[in-house]
Number of protein chains: 2
Amino acid sequence: MNKTQAICADIAQKLTEQIENGSVKSGDKLPSERELCAQFGVNHHVIRFALARLVHLGLVVSHQGKGVFVSERVHEISYPLTNRTRFTENLQKQDVHADGKLLGWQIRQPSQKECLTLQLNPKDQIYDLHIIRYASGQPVSLTQTILAEHHVPGLNTFLTDFHSLYQLLEDHYNIKPLRISSVLQAVISCRQDTEWLGIPENVPILAIESIANDPTAGKPFEISCSRLRGDMCRCLINF
Amino acid sequence: MNKTQAICADIAQKLTEQIENGSVKSGDKLPSERELCAQFGVNHHVIRFALARLVHLGLVVSHQGKGVFVSERVHEISYPLTNRTRFTENLQKQDVHADGKLLGWQIRQPSQKECLTLQLNPKDQIYDLHIIRYASGQPVSLTQTILAEHHVPGLNTFLTDFHSLYQLLEDHYNIKPLRISSVLQAVISCRQDTEWLGIPENVPILAIESIANDPTAGKPFEISCSRLRGDMCRCLINF
DNA sequence: TAGTGGTCTAGACCACCCC
DNA sequence: GGGTGGTCTAGACCACTAT
């Protein structure tokens with residue numbers, strides 16, 4: 001049927017096969033775009049388009065001025081999702097070094113939706129934290145965390161040497177949040193993701209919105225919105 | 001810093017804003033590529049690149065020969081994931097009409113991994129079904145289902161008028177599978193997805209691999225690998 | 001300086017849709 | 001036939017990295 005626009009997809013296919021059957025290995029540099037042009041007898045743009053597809057699939061990464069390289073098999077993280085899931089603990093059990101860094105924070109008025117979810121008065125205030133998390137030194141997720149200010153008074157004083165949110169909450173407030181629900185969705189990377197996670201655009205991201213309780217108070221305590229690298233994170237659920 | 005390649009991203013940004021602030025509405029046709037070229041004073045390719053970004057974000061869909069249209073807000077499906085999750089039931093509770101179609105099936109030898117998971121002998125045989133599922137008539141997911149042949153003898157005779165797998169299993173074998181684990185991952189759409197689900201390439205997909213038990217036998221019964229449209233499916237988990 | 005990836009232009013031609 | 005999106009070519013120029 002429609003077999004005119006085969007060239008570009010064909011090249012992507014051939015390159016994919018070369019990677020998957022191991023004739024170019026993990027970490028290897030692909031021939032330069034100019035070389036591939038000559039090799040396949042096509043234009044610059046066709047090659048670039050084919051390579052873009054491989055980038056989206058996570059098979060290669062490209063570095064301006066250096067070349068295009070077959071992705072190192074990133075250590076895939078298994079992320080068991082339970083009501084007690086804690087990023088740091090989770091990874092340590094898999095013998096992976098975990099760390100978190102606070103990118104920024106503010107105290108602000110809650111939105112209408114945040115009021116509803118956290119059962120706040122409109123004049124209550126909230127902490128809004130942005131956290132990046134690392135596994136073995138590699139950035140894997142961006143998280144926005146919302147906490148009611150009156151639940152964690154003076155939180156700001158503990159933020160200077162931030163590593164693990166839940167550790168902090170336990171140490172200073174004796175609170176161990178319990179996750180009560182999560183919503184998972186597959187989305188595409190945006191500017192923010194590319195900047196912080198060091199990944200290209202148009203790459204899959206697992207978005208997780210969770211609500212956690214403070215079990216002693218039995219009330220909603222935390223809203224968190226995480227964006228996890230799709231190529232690194234597998235989310236496990238047991239019933 | 002790097003502010004040369006702003007044009008393309010800028011245009012994508014501007015078009016995105018026009019859609020999000022409602023100055024072009026859901027279902028509306030965007031100006032043709034030629035018109036946009038003139039409007040922004042740039043080349044064909046720049047416009048196409050910008051539009052591609054919108055496509056990946058799920059904001060627009062393009063139809064050859066007709067034009068580029070702002071995506072109709074697809075009815076987002078909430079997909080509660082529990083050990084009793086059944087696609088058909090699930091959607092009916094949300095007053096959404098659900099249906100399934102069998103794309104194909106075969107009986108074959110299990111792979112090593114399938115043997116292990118389903119606790120089979122290498123000489124056992126398995127049913128391998130490919131199912132597409134619809135919500136309100138729109139395709140939302142592709143699923144591969146693996147069942148041991150000796151658990152569902154003569155299954156083939158029931159496949160001619162297929163609508164709901166779990167209904168079939170209950171009606172003819174009195175089996176109500178219980179999900180015991182799921183693995184969720186964000187990936188990117190492949191050829192197969194684009195063909196069956198009617199979505200473009202490089203669009204997010206939620207991949208779910210599940211294992212279910214036959215509760216009366218207490219043994220692994222089914223492996224299913226689903227690929228859900230990222231723009232339509234939100235997966236809910238309660239703890 | 002020379003090589004790499006990245007962005008943009010100008011223009012040809014194809015496939016599809018609708019009148 | 002005249003519109004639309006889709007693919008490909010040829011070539012210029014920029015930004016980054018090595019050496």
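Quick note on labels: first sequence line is chain A, next is B, and so on, each numbered from 1.
- Between B:Ile199 and B:Val61, every side-chain heavy-atom pair lies at or beyond the 4.5 Å cut-off.
- If you check D:dC8, D:dG6, C:dG6 against the side chain of A:Glu33, the one that comes closest is C:dG6.
- For the side-chain hydrogen bond (donor to acceptor under 3.5 Å, both in side chains) condition, the pairs that include at least one residue of residues 49-63 of chain B, sequence neighbours left out, are A:Asn202-B:Arg53, A:Asn202-B:His56.
- Rounded to whole angstrom, the span from the CD1 atom of B:Ile7 across to the P atom of D:dA12 amounts to 19 Å.
- Remark: B:Trp105 CH2 is packed, more than 12 non-hydrogen atoms of other residues, nucleotides or ligands lying under 6.0 Å away.
- Separating the CG atom of A:Leu30 from the P atom of C:dG6 is a distance of 12 Å, rounded to the nearest angstrom.
- Both A:Val42 and B:Glu35 lie near DNA chain D, and the one whose nearest nucleotide falls closer to the 5' end is B:Glu35.
- Listed by residue number, the members of residues 45-53 of chain A with any heavy atom below 4.0 angstrom from DNA chain C are A:His45, A:Arg48.
- For the pair A:Ser32 and C:dG3, the criterion of a side-chain N or O lying under 4.0 Å from OP1 or OP2 is not met.
- Annotation: proximity of residues 58-66 of chain A to DNA chain D (heavy atom, distance under 4.0 Å) is found for A:Gln64, A:Gly65, A:Lys66, numbered in ascending order.
- One interatomic measurement links the two molecules: NE2 of B:His44 to P of D:dC8, which rounds to 13 Å at whole-angstrom precision.
- With A:Thr194 contributing its side chain and A:Glu201 its backbone, the two residues share no donor-acceptor pair below 3.5 Å.
- By the 6.0 Å and 45° rule, B:Arg86 does not stack over the aromatic ring of B:Tyr166.
- Here D:dG5 presents its P atom at 13 Å from CG of B:Leu54, a figure rounded to the nearest Å.
- For the pair B:Asn43 CG and C:dT7 C1', the interatomic distance rounds to 11 Å; values are reported in whole Å.
- Screening residues 19-48 of chain B for salt bridge (Lys or Arg N to Asp or Glu O under 4.0 Å), with sequence neighbours left out, gives B:Glu33-B:Arg48.
- Checking D:dA10, D:dG5, C:dT4 against the side-chain heavy atoms of B:Val68 singles out D:dG5 as nearest.
- Comparing B:Arg34 and A:Gly67 against DNA chain C, the residue whose closest nucleotide sits nearer the 5' end is A:Gly67.
- Between A:Tyr127 and A:Asn156 there is a side-chain heavy-atom pair separated by less than 4.5 Å.
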Counting only pairs under 3.5 Å, give me each side-chain donor-acceptor contact of residues 91-102 of chain A, with atom names and distances, residues two or more places apart or in other chains.
unit_1: A:Gln94; atom_1: OE1; unit_2: A:Ser78; atom_2: N; d: 3.3
unit_1: A:Gln94; atom_1: NE2; unit_2: A:Ser78; atom_2: O; d: 2.4
unit_1: A:Asp99; atom_1: OD1; unit_2: A:His163; atom_2: ND1; d: 2.9

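- Screening residues 17-51 of chain B for ring-ring contact (aromatic ring centres under 6.0 Å, His included) gives no qualifying pairs among residues at least two apart or on separate chains.
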